[in-house]
Amino acid sequence: MVGLSVGEKHFIKGGIEQNLRTDGRKRYTYRPIYVETAVIPQANGSARVKFGATEVIASVKAELGKPSPSYPDKGKVLIHVDCSPTAEPAFEGRGGEELSSELSVALQRCLLGGKSGAGAGIDLSSLSIVEGKICWDLYIEGLVVSSDGNLLDALAAAIKASLSNTALPKVQVSSAASDEQPEVDLSDEEFLQFDTCGIPAIVTLTKVGKHYILDATSEEESQMSSAVSVSVNRQGRICGLTKRGGAGLNPSVIHDMISVAKHLSEQVINKLDSEIAAAEAREEDVP
Amino acid sequence: MAGKRGATPATYSPSLTTAKGKKKPPIFTDDANWVRSDGRHFHQCRPAFLRIATVNSASGSAYAEFGNTKVIVSVFGPRESKKAMMYSDVGRLNCNVSYTTFATPSRGQGSDNKDFSSMLHKALEGAIILESFPKTTVDVFALVLESGGSDLPVIISCASLALADAGIMLYDLVAAVSVSCLGKNLVIDPISEEEVYQEGSFMISCMPSRNEVTQLTVTGEWSTPKISEAMDLCLDACSKLGNIMRSCLKEPLSAPEE
């Protein structure tokens, strides 16, 4: 919990009104973004992302599984977020559960689309190996290491980075009779890179007073009336939207927020892509 | 139960404000003459049946039946918050949504919707004047008797009616409506079958008289014009649903049932 005096609250709100926030940023500026890939050797792909003092880790584990009978040509992706008490004492025990489930649901909505998997940022049909028999199950695990606001954007960025770091072993299917479960061979040498160009970025606009700000710190988040998280892909199409915070919003404000988020998303996706590319280049340099 | 409708209008369907004219069903799964399985137009909602004060032991309660979706909501309180809770000078709202085991075609499917409780909480908290009951908690328990599609919007609308019945101070009633995107069409108030095939869904809950949106969720891929179209459609439907809810509250409780 953030404890702020009346003066501090006033200072934050006043700064946002004048387009100069307490840390010197403008309303639509991100904190410095830092990306590091391949941080967890046990996982198929992983990444650590820092937005200022917010730090999250995402890992991707791939397992062979059976596709669900209703969607035989699609793989499965599960997203789960864990809020560690190391980030904030309030997350201890069951305290982090509410936030964890809220973040998991928001990420699922923004990255996986509806139940049928249509409109998903992650292409589920690319995870299918033998239709109706075998597919990849991706377990995406997010961990909040340090929390200073804007967790959703950071987690989405970490998931994107960890997926672009993910290598799925090439699968050799030995042809079996059509009614049997086919045998599979996982290659140790050949890996398939996961295609991440369709994965959207989440842009959260936090409304404080009359204005919206990008990448709010937890101090700023404590002063928000509501926040809208829009997930936008490279084509500028909206892949999901969630609203947080109790206060109601006028429909015209929501329209405006969506268009601002769409405009900003381009810049965010480019920034993130270059950071991921830089992180991967760094990783290759180190033997 | 649905047979006994009071003076409330039975159906409500939004009219698109834009000059789109009448929308004939274009394409869905290559079938040019596709009609919805229950014979509705794309922009026609299911008949709404609402009743308040259905549970005697609760401070307030409401029953809603939209087609096959049947929901009952009870509100308890405001009552003293649990001892373990920290002092709070505004009231607390506690929401819980549960499904009966027989609500869904295959048993226990309702547990897929674990996030409904928090969604209900978020949709309602903006409408309740929490300052009016400090140190206390209001419990909202929703039970889905039968799941027939668009469950969450029905739960939200029904819960706000129950809150009003309990005499909790509200800024406005909350009406919620969802649309599904099927091919090129927007289908309002989808039934379960339509929800299975949907490519995108859009749910809005709003306070019609204040013209404020309390909760909004979008899944699937949408273009901006489509979002605006869905929003206009939903807001119009919400305001009409709001009127139905209002007239349900005004109906005399003493009206003899049998």
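Chain A is the first sequence line, chain B the second, and so forth, proteins listed ahead of strands; every chain is numbered from 1.
- By number of non-hydrogen pairs under 4.5 angstrom with chain A, the leading residue of His121(B), Lys226(B), Lys122(B), Met203(B) is Lys122(B).
- In the model, Thr214(B) has a side-chain atom that pairs as donor or acceptor with a side-chain atom of Ser205(B) under 3.5 Å.
- Close approach to chain B, defined as a heavy atom under 4.5 Å from one of its heavy atoms, is seen in Glu102(A), Val105(A) of residues 96-107 of chain A, taken by number.
- Interface residue Ser223(B): backbone and side-chain heavy atoms are both found under 4.5 Å from chain A.
- One N or O on the side chain of Ser150(B) and one on the backbone of Pro190(B) form a donor-acceptor pair closer than 3.5 Å.
- Contact tally against chain B (heavy-atom pairs below 4.5 Å) for Gly240(A), Ser229(A), Gly236(A), Ser226(A): the top residue is Gly240(A).
- If you check the side chains of Thr217(A) and Asp148(A), you find no donor sitting under 3.5 Å from an acceptor.
- Residue Ser228(B) touches chain A through both its backbone and its side chain, counting heavy-atom pairs closer than 4.5 Å.
- Scored by the side chain to side chain contact (heavy atoms under 4.5 Å, CB included) test, Ala58(A) finds Ala158(A), Ile159(A), Ser162(A) as partners (sequence neighbours excluded).
- For Thr137(B), the side chain to side chain contact (heavy atoms under 4.5 Å, CB included) criterion is met by Ser81(B), Arg92(B), Asn94(B), Asp139(B), not counting sequence neighbours.
- Of the residues listed (Leu120(B), Val71(B), Val73(B)), the one engaging Val97(B) in a side-chain contact (heavy atoms from CB on, under 4.5 Å) is Leu120(B), and it is the only one.
- Side-chain atoms of Lys262(A) and Thr224(B) form a donor-acceptor pair, as typed in the model, at a separation below 3.5 Å.
- Using a 4.5 Å cut-off between heavy atoms, Leu249(A) contacts chain B through both its backbone and its side chain.
- With sequence neighbours left out, the side chain to side chain contact (heavy atoms under 4.5 Å, CB included) criterion links Leu170(B) to Ile128(B), Leu163(B), Ala164(B), Leu173(B).
- Salt bridge Arg46(B)/Asp189(B): present, at least one basic N to carboxylate O contact under 4.0 Å.
- Most heavy-atom pairs under 4.5 Å with chain B: of the set Ser259(A), Gly248(A), Ser252(A), this distinction falls to Gly248(A).
- Of the atoms belonging to Leu216(B), heavy atoms from both backbone and side chain fall under 4.5 Å from chain A.
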